[in-house]
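Okay, so here's the structure we're looking at.
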Amino acid sequence: MNKKSSCKALLLGALVGMSSPAYTQVPLTSYQDSKGFIDVQALTCAQLINTYQEDADTLAAWYSGWYNGLAKKHFAHITRAKSGEHHLILYCRANPQLKIIEAIDVLLKNEASK
């Protein structure tokens, strides 16, 4: 790679980096109230994508249990749950202004219509 190509590659990398938002990861505990509770119905997609992966996993497991409980389902499908979490995170990155429960609602409706 010559010097001119190297400069173009660096410039392209810088532009790509600037076009994707930078997120500072914060622990899920940052969203707790004074008694240690998190209002999972108020959490936003921005908060989900700004937390650590293990915290996102915890949230995804909680939401999965909540929605499966509402549907009176008592089985866990781990592979499907991980895939669902991945889709939720991607959707939340594109829609950080939504509440997580709104994003889940959209994804569940999209899945049901297939």
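These numbers come from a predicted model, not from an experiment.
How far SG of C92 is from CD of E85: 10.5 Å, rounded to the nearest 0.5 Å. One distance of note links NZ of K99 with CG of D105; it measures 12.5 Å at 0.5 Å rounding. We find the CD-OG1 distance between E54 and T58 to be 7.5 Å, quoted to the nearest 0.5 Å. For the atom pair NZ (K82) and OG (S64), the distance works out to 11.5 Å, reported to the nearest 0.5 Å. Note that CG of L43 is 6.5 Å distant from CD1 of I38, once rounded to the nearest 0.5 Å. Distance check: N68 CG to H77 NE2 gives 11.5 Å after rounding to the nearest 0.5 Å.
Annotation for A103 and Y91: closest pair CB-CD2, 3.6 Å, computed over non-hydrogen atoms. A pairwise comparison of heavy atoms in C45 and N95 identifies CB-O, 3.4 Å as the closest pair.
Y63 places a side-chain N or O within 3.5 Å of a backbone atom of V40 that can act as its donor or acceptor partner. Although no hydrogens or angles enter the test, the distance criterion places a donor-acceptor pair under 3.5 Å between the side chain of T51 and the main chain of V26.
At most 12 non-hydrogen atoms from other residues, nucleotides or ligands lie less than 6.0 angstrom from CD of Q41.
Linking ILVMFWY residues whenever their side-chain heavy atoms come closer than 4.5 Å, directly or via other members, places L108 and L98 in the same cluster. In terms of hydrophobic clustering, with Ile, Leu, Val, Met, Phe, Trp and Tyr side chains grouped at heavy-atom distances under 4.5 Å, L28 and F37 are assigned to different clusters. Residues L107 and I78 are members of separate hydrophobic clusters, defined by side-chain heavy-atom contacts under 4.5 angstrom among Ile, Leu, Val, Met, Phe, Trp and Tyr.
Looking only at side-chain heavy atoms (C-beta outward), L88 and I100 come within less than 4.5 Å of each other. The side-chain heavy atoms of N50 and Y31, taken from C-beta on, include a pair separated by under 4.5 Å. You'll find the side chain of D55 reaches within 4.5 Å of the side chain of P27, heavy atoms only.
The aromatic rings of W62 and W66 sit parallel to each other, their planes meeting at less than 30°, with 60° as the upper class boundary.
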